[in-house]
Amino acid sequence: QIHLVESGGGSVQAGGSLRLSCAVSGYKYSAYIMGWFRQAPGKEREGVAGIDSDGGTRYADSVKGRFTISKDRTEPTLFLQMNGLKSEDSGIYYCAARPSVSTLSRTWARDLVDFGTFGQGTQVTVSS
């Protein structure tokens, strides 16, 4: 069973940056789709960014040009670089993964919500 642990959250002023990390252990398969989600109080969990085994990426429109998802294969870790943070970016950020040899589709977020494994989350607070 894959195990995910997020870190790097915190409090930052609007316009600032944070880099989230997700340590991955328990790999059993050679290919995974992975992603970052966030959930604000009273709102549904939303997919922020996804990445497939070939490095293909997709982003929510609200974060395009500001956030970058990446991964380190040598020490299995998923990253989310967040620049130009806004107050509406606040929430708990989760990483998720599921085994898949497919490239990232437009339904990547739904696929991960339905079939993926999630970490416990890390809080991001952006003050304006």
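The structure presented is a predicted model; accordingly, all values stated were derived computationally and were not measured.
Hydrophobic clustering (side-chain heavy atoms under 4.5 Å, transitive across Ile, Leu, Val, Met, Phe, Trp, Tyr) groups V12 together with W36. Under the 4.5 Å side-chain heavy-atom criterion for grouping Ile, Leu, Val, Met, Phe, Trp and Tyr, V126 is connected to Y59 within one hydrophobic cluster.
Residues L112 and F37 are in side-chain contact: their nearest non-hydrogen atoms beyond the backbone lie under 4.5 Å apart. Contact check for I51 versus K71: side-chain heavy atoms found under the 4.5 Å cut-off. Side-chain contact check for I33 versus L104: some heavy-atom pair is nearer than 4.5 Å. Within the 4.5 Å cutoff, the side chain of T68 has no heavy atoms near those of the L80 side chain.
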- Task: Start with the C-alpha distance between R58 and R106, add both sets of side-chain angles, then the distance that settles side-chain contact (heavy atoms from CB on, under 4.5 Å), and finish with yes or no.
- Result: CA-CA 8 Å; R58 286 185 183 266; R106 283 179 290 181; 3.3 Å; yes
- Does the pair C22 and V5 meet the rule for a side-chain contact (heavy atoms from CB on, under 4.5 Å), with working shown? CA-CA 5 Å; C22 175; V5 179; over 6 Å; no
- Item | Derivation and outcome, side-chain contact (heavy atoms from CB on, under 4.5 Å), residues I2 and Y32 | CA-CA 10 Å; I2 194 168; Y32 285 80; 3.7 Å; yes
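For residues 14-26, every residue pair satisfying the side chain to side chain donor-acceptor pair (under 3.5 Å) rule, not counting sequence neighbours, is listed here: S17-N83. The side chain to side chain donor-acceptor pair (under 3.5 Å) analysis of residues 88-102, with sequence neighbours excluded, yields the pairs R38-D89, R38-Y93, R66-D89.
When every heavy atom of E6 is checked against every heavy atom of C95, the shortest pair comes out as OE2-N, 2.9 Å. Of all heavy-atom pairs spanning L20 and M82, the tightest one is CG-CE, 3.7 Å. Of all heavy-atom pairs spanning A60 and G47, the tightest one is CB-O, 3.5 Å. Of all heavy-atom pairs between G35 and I69, the closest is CA-CD1, 4.2 Å.
Rounding to the nearest 0.5 Å places CG of L18 at 9.0 Å from CZ of F67. Here the CD1-CZ distance, from I92 to R45, works out to 8.5 Å after rounding to the nearest 0.5 Å. Distance OG/S128 to NZ/K86: 13.0 Å, rounded to 0.5 Å.
Residue V101 belongs to no hydrophobic cluster, having no ILVMFWY side-chain heavy atom closer than 4.5 Å to its own. F79 belongs to no hydrophobic cluster, as no Ile, Leu, Val, Met, Phe, Trp or Tyr side chain comes under 4.5 Å of its own.
Judged purely by atom type and a 3.5 angstrom limit, D72 has no side-chain atom pairing as donor or acceptor with the backbone of P76. The main-chain N or O of D54 is found under 3.5 Å from a side-chain atom of D52 such that the two form a donor-acceptor pair.
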Side-chain donor-acceptor contacts of residues 115-123 below 3.5 Å, not counting sequence neighbours, with atom names and distances?
unit_1: T117; atom_1: OG1; unit_2: Q1; atom_2: NE2; d: 3.4
unit_1: T122; atom_1: OG1; unit_2: G9; atom_2: N; d: 3.1
unit_1: Q123; atom_1: NE2; unit_2: G91; atom_2: O; d: 3.4

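Applying the side chain to side chain donor-acceptor pair (under 3.5 Å) test to K64 and every residue at least two apart in sequence or in another chain returns D61.
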